[in-house]
Novice: 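Just passing along the structure, written as structure tokens.
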Amino acid sequence: MSTRTSWADLAANSAAENVTAGSSANNGAAGTTSAPGRSTYVPPHLRNRPASSDPPALAPAPAYNGPVASNDRPGYGGASRWGGPRNDFNRSGYSGGRAGGWGGGRSGGWDRGREREVNPFEDEDVTEEQAFNEQENTGINFDAYEDIPVETSGDNVPPAVNTFAEVDLGDALNQNIRRCKYVKPTPVQRHAIPISLGGRDLMACAQTGSGKTAAFCFPIISGIMRGQTPQRPVRGARTVYPLALILSPTRELSMQIHDEAKKFSYQTGVKVVVAYGGAPINQQLRELERGVDILVATPGRLVDLLERARVSLQMIRYLALDEADRMLDMGFEPQIRKIVEQMDMPPAGVRQTMLFSATFPKEIQRLASDFLASYIFLAVGRVGSSTDLIVQRVEFVHESDKRSHLMDLLHAQRANGVQGKQALTLVFVETKKGADALEHWLCINGFPATTIHGDRTQQERELALRSFKTGNTPILVATDVAARGLDIPHVAHVVNFDLPNDIDDYVHRIGRTGRAGKTGLATAFFNENNASLAKALAELMQESNQEVPAWLTRYAARASYGGGRNRRSGGGRFGGRDFRRDSNFSRGGSDYYSGGSSSTGYGASGGYGGGGGGGGVSGGYGPGVTSAWD
DNA sequence: AAAAAAC
């Protein structure tokens with residue numbers, strides 16, 4: 001009994017046949033099938049919470065009364081791609097109200113005060129009322145941003161913004177941005193947010209630690225807030241229908257994205273749930289039943305949930321792939337294809353799709369383009385990494401000398417340690433066995449170490465990460481499970497005990513340090529086993545103004561087989577280049593790339609920061625000043 | 001050849 005032309009109707013036409021309107025959001029929890037007990041369920045971790053941990057007396061988010069048509073900016077192509085139905089996203093009657101103002105019935109019970117939303121900012125100083133619009137006067141040298149090379153291609157690229165205030169994210173979200181103490185958008189946010197708000201699909205390449213999570217979360221949250229409350233179909237009573245899906249390649253990264261997204265969506269009425277393997281599924285199912293707008297997940301657990309019909313993707317409006325190139329590499333691609341193309345998700349062009357990574361090899365871009373419609377390619381920053389914050393060293397170390405060499409590094413580091421505490425050191429190795437062995441060896445030699453890899457239980461993995469973050473065990477031996485996305489503050493040193501075979505993996509690994517405007521050190525142990533990486537490594541280091549040892553240059557020259565996987569993706573200074581711009585790209589269709597492109601942004605300073613040296617992104621960050629950088 | 005990702 002659908003009564004209007006809505007997104008749900010569109011979905012019904014394109015994806016499913018058993019749409020039954022009339023039930024409220026989220027699997028009828030507040031509708032006719034509502035289970036009365038459900039809305040009063042309080043999960044164990046929230047029971048008996050002292051009153052002091054309730055949200056402080058923040059003013060309720062003011063009603064959002066701004067224009068509601070930002071999804072429809074004329075001329076950006078969003079509306080035309082969507083045709084009529086998309087206009088229904090802009091619920092004209094959206095009138096705020098408590099906590100972002102979902103009408104009654106949304107997320108049954110969620111916003112009725114029965115369950116208090118845990119304040120994710122409770123550790124932080126929320127009384128601080130920095131004037132949101134005074135960010136021009138903070139004394140931060142954001143001019144440095146102007147030097148960051150930016151490349152966009154695609155049709156009708158929306159112009160970048162300079163402040164959060166000038167994009168229309170809504171008051172509740174703006175307040176959370178303020179609580180996060182994000183003063184000014186990072187470069188990728190400046191460009192990606194207006195693109196996404198304009199309704200466009202996006203493939204974005206931006207440095208590690210450059211605020212990508214917020215770049216895709218803000219438009220999603222904002223879009224859901226202003227969107228029409230969907231008529232979610234009733235299929236099985238226990239099927240839930242998230243509106244947004246965020247996929248990431250590791251469990252810990254999904255947890256981290258979830259934590260971030262919870263902060264951004266605090267008191268917006270938008271519910272974020274995370275689902276990943278290795279943890280009991282029942283608790284995740286309970287969370288899902290309590291309502292979900294944004295689902296953050298790893299692929300395996302999501303497929304499980306889909307096959308159990310506990311989750312349907314029929315109502316997905318937003319799809320985001322973090323570490324998108326990893327998600328589409330050989331190991332992951334079939335699973336991702338299944339989720340995106342073979343379940344009930346609306347097709348590209350109907351949903352909005354955002355792909356983010358610090359690296360984006362051409363061949364992966366080609367695969368990814370299957371998931372996108374008329375998308376904008378965005379590359380921000382140099383060679384896939386904030387490398388000017390990271391001092392990269394390469395040392396020639398024979399396999400048999402690696403342990404003692406590591407020991408020397410750690411001893412030296414301990415001597416220089418601040419306040420007697422060992423600086424956090426992240427040591428990457430090639431294999432899980434190798435990780436365990438090295439951890440053991442470090443421990444018996446007096447260096448408190450722990451390890452994270454796929455053979456450990458999820459509990460062990462999470463404990464290891466926590467123990468590392470707190471400095472309890474300041475050395476973490478890791479496989480590539482920890483290479484991507486994880487934001488671990490204060491990592492002073494990344495050691496590539498075993499170098500990866502792929503230069504992109506190296507970029508991601510060293511990106512675990514040098515975050516939040518801090519400097520970092522990355523040391524690699526190179527030997528004859530790594531010859532195939534020599535060329536790419538030497539080039540990468542050169543591009544980021546690092547000292548390249550002469551012996552490495554010789555290795556690089558010798559390695560004539562430096563093609564294939566190890567070649568810089570697209571070359572040049574960017575983490576990537578739109579593969580559509582390659583002259584040898586052809587795919588039959590002509591609708592692929594017809595737009596213009598622009599480099600270095602929108603009339604901002606030209607050039608690449610004088611070959612890199614002056615192009616630093618860190619310049620001007622004062623101590624204690626937080627940006628949305630991380 | 002390895003790692004990750006469901007039970």
Side-chain angles (χ1 to χ4, degrees), chain A residues 245-258 273-285 287-288 295-311 313 321-340 342-343 357 359 361 364 399 426-439 451-462 464-465 476-486 496-509 512 525 527-533 561 564-566:
Chain A
L245 176 63
I246 300 171
L247 290 173
S248 94
T250 66
R251 297 162 182 175
E252 287 77 14
L253 184 53
S254 280
M255 296 173 60
Q256 179 182 300
I257 295 167
H258 173 248
V273 176
V274 66
Y276 51 83
I281 201 169
N282 280 334
Q283 195 177 331
Q284 292 173 10
L285 287 172
E287 286 296 324
L288 287 167
L295 177 58
V296 185
T298 48
R301 177 55 60 92
L302 177 62
V303 167
D304 190 4
L305 292 167
L306 292 169
E307 284 172 350
R308 293 176 190 224
R310 298 301 295 262
V311 170
L313 302 177
L321 301 193
D322 201 7
E323 308 297 342
D325 61 333
R326 165 62 84 236
M327 302 299 278
L328 290 167
D329 81 5
M330 290 212 320
F332 266 125
E333 192 210 341
Q335 226 171 358
I336 301 302
R337 236 174 237 289
K338 174 172 184 169
I339 292 167
V340 177
Q342 288 153 37
M343 304 304 288
S357 183
T359 53
I364 303 284
E399 213 59 44
L426 182 50
V427 183
F428 282 103
V429 295
E430 194 61 19
T431 66
K432 295 177 278 197
K433 273 183 166 28
D436 282 335
L438 185 57
E439 178 221 18
T451 181
I452 185 168
H453 59 70
D455 273 355
R456 304 201 83 195
T457 67
Q458 191 54 28
Q459 216 169 13
E460 289 169 330
R461 286 165 58 160
E462 287 168 27
L465 198 52
L476 180 64
V477 183
T479 59
D480 267 331
V481 70
R484 284 170 172 259
L486 292 189
N496 274 291
F497 188 89
D498 301 319
L499 272 164
N501 294 315
D502 187 326
I503 191 66
D504 286 344
D505 290 334
Y506 173 85
V507 168
H508 285 274
R509 285 179 177 188
R512 296 318 98 212
F525 295 176
N527 61 38
E528 56 282 352
N529 298 330
N530 310 114
S532 66
L533 191 71
Y561 49 95
R565 287 288 275 156
N566 290 333

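All chains are named by letter (A, B, ...) in the order of the sequence lines, taking the proteins before the strands, and each is independently numbered beginning at 1. Hydrogens, waters and symmetry mates play no part in the numbers below; they use all other heavy atoms, side chains included.
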Novice: What is the separation between atom CZ on A:Arg251 and atom C1' on B:dA4, rounded to the nearest whole Å?
Specialist: 9 Å
Novice: Over how many whole Å does the gap from A:Lys433 atom NZ to B:dA3 atom C1' extend?
Specialist: 14 Å
Novice: Does A:Arg509 reach the main-chain N or O of A:Asp480 with its side chain, forming a donor-acceptor pair under 3.5 Å?
Specialist: no
Novice: Please state whether the phosphate of B:dA5, meaning OP1 or OP2, lies under 4.0 angstrom from any side-chain nitrogen or oxygen of A:Arg461.
Specialist: yes
Novice: Are A:Arg326 and B:dA5 close enough that a side-chain N or O sits under 4.0 Å from OP1 or OP2?
Specialist: no
Novice: Hey, is the side chain of A:Thr298 poking within less than 4.0 Å of OP1 or OP2 on B:dA6, counting only N and O atoms?
Specialist: yes
Novice: Ignoring hydrogens and angles, does a donor from either the side chain of A:Asp480 or the base of B:dA2 sit under 3.5 Å from an acceptor on the other?
Specialist: no
Novice: Whole angstrom is fine here: how far is it from CD1 in A:Ile246 over to P in B:dA5?
Specialist: 18 Å
Novice: Who passes side-chain hydrogen bond (donor to acceptor under 3.5 Å, both in side chains) against A:Arg456, sequence neighbours left out?
Specialist: none
Novice: Just checking A:Gly454: base, sugar-phosphate only, or nothing, at a heavy-atom cut-off of under 4.0 Å?
Specialist: sugar-phosphate
Novice: Contact class for A:Val481 vs. all strands (heavy atom < 4.0 Å): base, sugar-phosphate, or nothing?
Specialist: sugar-phosphate
Novice: From the list B:dA1, B:dA5, B:dA4, which nucleotide is the closest neighbour of the side chain of A:Thr479?
Specialist: B:dA4
Novice: Are A:Leu533 and A:Asn501 close enough that some pair of their side-chain heavy atoms sits under 4.5 Å apart?
Specialist: no
Novice: Who passes side-chain hydrogen bond (donor to acceptor under 3.5 Å, both in side chains) against A:Asn530, sequence neighbours left out?
Specialist: none
Novice: What is the distance from CG of A:Leu306 to P of B:dA5, rounded to the nearest Å?
Specialist: 18 Å
Novice: Rounded off to whole Å, could you give me the NE2-to-P distance for the A:His508 and B:dA4 pair?
Specialist: 16 Å
Novice: Any side-chain N or O of A:Lys432 under 4.0 Å from OP1/OP2 of B:dA4?
Specialist: yes
Novice: In whole angstrom, give the distance that lies between atom CG of A:Leu499 and atom C1' of B:dA3.
Specialist: 16 Å
Novice: How many whole angstroms separate atom CE of A:Met330 from atom P of B:dA4?
Specialist: 16 Å
Novice: Strictly below 4.0 Å, N to O, side chains only: are A:Asp505 and A:Arg326 in salt-bridge contact?
Specialist: yes
Novice: Just the rounded figure in Å: distance from P of B:dA2 to CZ of A:Arg509.
Specialist: 15 Å
Novice: Looking at B:dA1, B:dA6, B:dA3, which one has an atom nearest to any side-chain atom of A:Glu307?
Specialist: B:dA6
